[in-house]
J.: 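Quick one: this structure, given as structure tokens, is what I'll be asking you about.
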Amino acid sequence: MMRTAPQLLLGLLLLHGACSGGMPSSRISGGAGTAGGAGDAGAAGAAGTAGATGGGAGTTGAGGDSGAAGGSGTTGVGGTTGAAGSSSTDASTDSGVPIVPFPSAQTVKMMVVGSSNEIGTCWRAYLWQELHTNAITNFHFVGQQSGGPSCTVMGWNDTQLQAMSGIIITNISTNTYLSWFMANPPDVILMHFGGADLLSGMPIDGVMKSYGRALDAARMVNPKVVLLIAEHTPEGKDTVPMLNADIAAWAPTVSTAQSPVIAVDLYTGMLPSDFSDGVHLNQQGSMKVADRWYAKLAPFFGKP
């Protein structure tokens, strides 16, 4: 078929475009650059040999800095990778509230709030001993009750606490909590109660609300109070792990930099052999519990 002159001219123009502009050599170089992780093609982009079209190659493979040298070009096939570079940012953060140790000159008033496991077992004496063994002596236990077994701990005479055997906490009012804390304003509260409520078949929700009232009252007396709230020791009830899960979830939501709230796991790893009757700690169980309280207390006294 005979072509007219305009058709021939158009064909020549199309042929010329295919040879010179359809796939520039710089675009080929750009795409190859990001295919490798070593970043060789990134160097080519940086050289800017064809900046108008080689922008995609500018991303350095391994370092992933930015590939800015070829920024004006059309993004190549592999030019948007750059992912290797983004992974160099350290995303790990400490989600906990920073702990500020008490001044060494301050006598830290610590109140144990609980029930029969606090009144009649050995863990307070063992905790007192462990604190002293680690050169932590600037503290004093406070509360309206006093007493408890020394369990071979020589010199233990710091026996004050705020506890009542078999206490049901669901219906304790804010005013009752206020009376406790105003009588002996604490800097630190070690709270382990609510188990009697579960043994009596009372709902977990009521126990959790009582913890909230206790915290509110404590902060009214001392806005900087530290609350260490125990995940309850085992006592043969299926509801105890459920309560403990709620405590672990609740503590971070109410913790602040000024007034930290920290859950202390007194459940995991406790064995039947750690109890005298399935509910109350024996000496072996008391030692375990004392160790766990100490681990959470030590940083507030500048110890690891």
Side-chain angles (χ1 to χ4, degrees), residues 110-131 141 143-153 156 158-172 177 180 189-214 227-251 261-297:
M110 301 199 300
M111 179 182 286
V112 173
V113 176
S115 57
S116 54
N117 259 314
E118 286 57 64
I119 295 172
T121 68
C122 303
W123 75 257
R124 287 184 297 129
Y126 291 147
L127 175 60
W128 179 90
Q129 182 180 52
E130 191 164 1
L131 288 164
F141 286 111
Q144 295 174 310
Q145 289 80 42
S146 182
S150 62
C151 303
T152 72
V153 175
W156 182 55
D158 196 359
T159 62
Q160 285 72 37
L161 76 164
Q162 190 69 48
M164 182 183 299
S165 183
I167 187 171
I168 300 292
I169 72 170
T170 295
N171 297 320
I172 296 180
Y177 283 125
W180 296 357
I189 298 172
L190 290 72
M191 184 179 290
H192 177 222
F193 64 174
D197 297 65
L198 300 189
L199 288 173
S200 300
M202 303 186 77
I204 292 171
D205 183 62
V207 176
M208 294 304 303
K209 287 179 178 177
S210 189
Y211 293 153
R213 290 193 296 273
L227 174 61
L228 302 184
I229 174 74
E231 296 174 31
H232 210 284
T233 50
E235 53 184 24
K237 296 286 288 186
D238 292 340
T239 47
V240 173
M242 297 168 62
L243 171 65
N244 289 343
D246 284 355
I247 291 170
W250 173 75
V261 178
I262 299 173
V264 183
D265 187 354
L266 302 188
Y267 183 92
T268 304
M270 299 299 290
L271 305 173
S273 58
D274 295 323
F275 297 86
S276 60
D277 56 4
V279 174
H280 297 96
L281 298 162
N282 58 24
Q283 289 194 24
Q284 176 177 290
S286 292
M287 288 180 182
K288 285 186 178 180
V289 164
D291 287 343
R292 296 180 188 192
W293 285 118
Y294 175 82
K296 298 298 183 180
L297 274 172

J.: Please give me the minimum heavy-atom distance between Ala248 and Glu231, naming the atom from each residue.
T.: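 Between these two residues, the closest heavy atoms are CB-OE2, 3.7 Å.
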
J.: Going from CG on Asn171 to NZ on Lys209, what distance comes out if it is rounded to the nearest 0.5 angstrom?
T.: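 That separation rounds to 11.5 Å.
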
J.: Donor-acceptor pair, Trp156 side chain versus Tyr126 backbone, under 3.5 Å?
T.: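 Absent.
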
J.: Any heavy-atom pair between the side chains of Met111 and Phe141 that's under 4.5 Å?
T.: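 A side-chain contact is absent here, since even the closest heavy-atom pair is not under 4.5 Å.
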
J.: For Leu228 and Ile189: C-alpha separation, side-chain torsions, deciding distance, then whether side-chain contact (heavy atoms from CB on, under 4.5 Å) applies.
T.: CA-CA 6 Å; Leu228 302 184; Ile189 298 172; over 6 Å; no

J.: Any side-chain to backbone donor/acceptor pair from Gln162 onto Gln144? Under 3.5 Å, distance only.
T.: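 Pair found, side chain donor or acceptor close to backbone of Gln144.
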
J.: In terms of relative ring orientation, are His192 and His232 parallel, tilted or perpendicular, with 30° and 60° separating the classes?
T.: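 Rings of His192 and His232: tilted, 30 to 60°.
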
J.: Kindly say whether Leu271 contributes a backbone atom to a donor-acceptor pair with the side chain of Asp274 at under 3.5 angstrom?
T.: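 Checking the backbone N and O of Leu271 against the side chain of Asp274, a donor-acceptor pair under 3.5 Å is found.
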
J.: Do Glu130 and Trp293 get their side chains close enough for a donor-acceptor pair, meaning under 3.5 Å?
T.: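 Their side chains do not contain a donor-acceptor pair, so the 3.5 Å distance test is not met.
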
J.: Kindly say whether the aromatic ring centers of Tyr177 and Trp180 come within a distance under 6.0 Å.
T.: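 Yes, close enough.
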
J.: Taking atom CD of Glu235 and atom CG of Asp277, what is their separation to the nearest 0.5 Å?
T.: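 These two atoms lie 10.5 Å from each other.
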
J.: Decide if atom CE of Met164 counts as having more than 12 heavy atoms of other residues, nucleotides or ligands within a radius under 6.0 Å.
T.: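 No, because the 6.0 Å sphere around CE of Met164 holds 12 heavy atoms or fewer from other groups.
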
J.: Does a donor on one side chain and an acceptor on the other come within less than 3.5 Å for Asp265 and Thr268?
T.: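 Yes, side-chain donor-acceptor contact under 3.5 Å.
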
J.: Can any side-chain N or O of Thr233 pair as donor or acceptor with the backbone N or O of Leu266 at less than 3.5 Å?
T.: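 No; judged by distance alone, with no hydrogens or angles, the pair does not exist.
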
J.: What pair of heavy atoms forms the shortest contact from Gly166 to Ser115, and how long is it?
T.: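 Distance-wise, the nearest heavy atoms are N-CB, 4.1 Å.
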
J.: So which of Asn282, Leu281, Thr121 actually passes side chain to side chain contact (heavy atoms under 4.5 Å, CB included) with Phe275?
T.: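 The passing option is Leu281.
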
J.: Just verifying a value: how many Å separate Arg213 CZ and Ile169 CD1, rounded to the nearest 0.5 Å?
T.: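 Separation between the atoms: 8.0 Å.
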
J.: Can you confirm whether Leu190 sits close enough to Leu161 that some side-chain heavy atom of one is under 4.5 Å from a side-chain heavy atom of the other?
T.: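 The answer is no; the side chains never approach within 4.5 Å.
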
J.: Do you know which two heavy atoms are closest between Thr159 and Ser146, and how far apart they sit?
T.: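 Scanning both residues, the minimum pair turns out to be OG1-OG, 2.6 Å.
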
J.: State the CZ-CG distance between Phe193 and Asn117, to the nearest 0.5 angstrom.
T.: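 Answer for the CZ-CG pair, Phe193 versus Asn117, is 13.5 Å.
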
J.: Donor-acceptor pair, distance only, cut-off 3.5 Å: does the side chain of Lys288 make one with the backbone of Gly269?
T.: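 Pair found, side chain donor or acceptor close to backbone of Gly269.
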
J.: Using the side-chain contact (heavy atoms from CB on, under 4.5 Å) rule, take Val113 and Glu118 through it: C-alpha gap first, then chi angles, then the decisive distance, then the call.
T.: CA-CA 8 Å; Val113 176; Glu118 286 57 64; over 6 Å; no

J.: Does Asn244 reach the main-chain N or O of Tyr267 with its side chain, forming a donor-acceptor pair under 3.5 Å?
T.: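 A pair under 3.5 Å: no.
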
J.: Just wondering, do Trp123 and Asp291 contact through their side chains at under 4.5 Å, heavy atoms?
T.: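 Not touching, per the 4.5 Å side-chain cut-off.
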
J.: Would you sort out whether Ile204 and Asp246 count as a side-chain contact (heavy atoms from CB on, under 4.5 Å), showing the intermediate values?
T.: CA-CA 9 Å; Ile204 292 171; Asp246 284 355; 3.4 Å; yes

J.: Quick check for you: to the nearest 0.5 Å, what is the distance between His280 atom NE2 and Ile119 atom CD1?
T.: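 Taking NE2 in His280 and CD1 in Ile119, the distance rounds to 9.0 Å.
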
J.: Output, in order, the C-alpha distance, side-chain angles, deciding distance and verdict of side-chain contact (heavy atoms from CB on, under 4.5 Å) for Ser210 and Thr170.
T.: CA-CA 6 Å; Ser210 189; Thr170 295; 5.8 Å; no

J.: What are the two closest non-hydrogen atoms of Ser273 and Gln284, and how far apart are they?
T.: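 So the two residues come closest at OG-NE2, 3.4 Å.
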
J.: Do side-chain atoms of Asp197 reach the backbone of Ile168 as a donor and acceptor pair under 3.5 angstrom?
T.: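 Side chain of Asp197 to backbone of Ile168, a donor-acceptor pair under 3.5 Å: no, none is there.
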
J.: Using modelled atom types and a 3.5 Å cut-off, is there a donor and acceptor pairing between side-chain atoms of Arg124 and backbone atoms of Pro149?
T.: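 Side chain of Arg124 to backbone of Pro149: no pair is present.
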
J.: Backbone N or O of Ser165 within a donor-acceptor pair of the Ser116 side chain at under 3.5 Å?
T.: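 Side chain of Ser116 to backbone of Ser165, a donor-acceptor pair under 3.5 Å: no, none is there.
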
J.: If every non-hydrogen atom of Gln160 is compared with every non-hydrogen atom of Gly143, which pair is closest and at what distance?
T.: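 Minimum heavy-atom separation between Gln160 and Gly143: CB-N, 3.7 Å.
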
J.: With a 4.5 Å heavy-atom cut-off, do Leu198 and Leu243 have their side chains touching?
T.: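 Yes, side chains in contact.
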
J.: Do you know the tightest heavy-atom contact between Cys122 and Gln283?
T.: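 Nearest pair, atom of Cys122 first, then Gln283: SG-CG, 3.8 Å.
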
